[in-house]
Amino acid sequence: MDNLSLKKDILAKIKEYDSIIIARHSRPDGDCIGSSLGLRDILRTSFPEKKIYSIGKDSASYLDFIGKEDDEVSEDIYKDSLMIIVDTSVMDRIDNSNYKIAKETIKIDHHINVEPYGDICYVRDDLPAACAIICDFYKTFSDELKMTKDGATALFCGMVTDTGRFRYRGMTKEVYELVGMLVDFGIDTEYVFSNLYIKDSGVLKLEGWLLNHYKETPNGVAYIYITKKIIKKFKLTYEEASSLINSLDSIKGDLIWIAFIDYEASIRVRLRSRYVPCVSVGQKYRGGGHANACGATVYNKKEINALLNDADKVVKEYKENNEGWL
Ligand SMILES: [Mn+2]
């Protein structure tokens with residue numbers, strides 16, 4: 001089915017239900033909270049007679065500046081509700097197990113559609129953020145939908161975080177126009193950037209440590225292992241530890257960069273790349289995601305080394321067959 005038909009079906013479903021619950025993935029980021037709260041704002045403002053909730057288990061206090069999700073509701077409410085799940089590629093990652101009892105579900109996502117689910121499955125891997133999908137949905141039906149400045153701020157936040165502050169190639173003319181539409185709501189863009197990127201001095205000191213300690217493979221993979229000891233020393237949350245991956249994103253010649261983070265009994269892996277996709281490496285080690293940004297999980301040093309070897313091979317092959325990379 002084409003995108004416009006899917007959007008029309010989604011709007012028809014929204015109109016059909018008196019109660020709608022929006023869910024998102026676990027260990028939330030700016031895009032999933034932003035798209036959940038942004039969609040909630042659009043639905044509440046456009047359909048004030050309906051009950052609209054954004055509900056998830058894990059919290060991310062650094063995103064409280066764009067608003068808070070709702071408290072859990074009873075199973076009876078779920079049974080009569082439409083559930084819209086945003087930014088979540090696989091059902092396993094939905095941070096709300098009650099999707100199983102919701103009357104109907106809709107998947108709205110921008111990750112590669114490895115696991116279609118929901119009564120309606122609307123996936124746009126041509127857009128760089130779930131927030132961009134919500135913006136486009138709003139734009140398509142702007143003659144009948146409404147949104148406030150708060151909703152636009154939440155959506156803007158997700159656009160900023162999932163595009164690396166508008167730097168990635170996914171920023172097409174169409175996406176810039178969606179961002180422009182949000183700015184037209186009078187949002188304070190500096191407020192969003194400040195809340196997202198002003199850092200505690202402890203985090204900066206940790207970045208200093210990281211830049212002094214990262215390693216490189218022979219063909220150009222930069223990597224860092226953030227152990228339990230380091231997490232304790234710098235008093236990091238898991239989110240802070242994993243966001244450190246971004247500090248390795250501008251090293252000349254290192255086309256893939258990887259952070260290994262101790263997390264409970266496993267080692268979580270975050271992979272990023274430019275020019276060459278890294279997702280095949282993530283998929284080989286219990287993970288996946290986007291072509292140039294994905295995750296994985298490993299369990300010991302041996303697996304770390306095997307993963308690094310695979311990533312190194314990917315870069316080697318790319319460099320041998322391509323020019324113009326930096
Ligand atoms: Mn996203």
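As the structure lists them, so they are numbered: ligands from 1, and atoms in each ligand from 1. Quick caveat, the model's predicted, so the values are computed rather than measured.
- Residue D87: an N/O/S atom is found under 2.8 Å from the Mn ion (ligand 1).
- For the residue pair D262 / Y225, a side-chain donor-acceptor distance below 3.5 Å is found, with atom types taken as modelled.
- At a cut-off of 3.5 Å, with distance as the only test, a side-chain donor of T148 or D41 sits close to an acceptor on the other residue.
- Both L326 and Y318 belong to a common hydrophobic cluster when Ile, Leu, Val, Met, Phe, Trp and Tyr are linked at side-chain heavy-atom distances under 4.5 angstrom.
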Discussion item. D95 vs R24, test: salt bridge (Lys or Arg N to Asp or Glu O under 4.0 Å). Steps then yes/no.
Written reply: CA-CA 6 Å; D95 198 21; R24 39 75 182 172; 3.0 Å; yes
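- The Mn ion (ligand 1) forms the vertex of an angle spanning NE2 of H110 and OD2 of D162; to the nearest 10 degrees it equals 90°.
- The Mn ion (ligand 1) has no N, O or S atom of C32 inside 2.8 Å of it.
- The Mn ion (ligand 1) lies at 2.8 Å or more from every N, O or S atom belonging to D109.
- Side-chain contact of D70 with S54: a donor-acceptor pair under 3.5 Å is absent, judged by distance alone.
- The nearest N/O/S atom of D31 to the Mn ion (ligand 1) is OD2.
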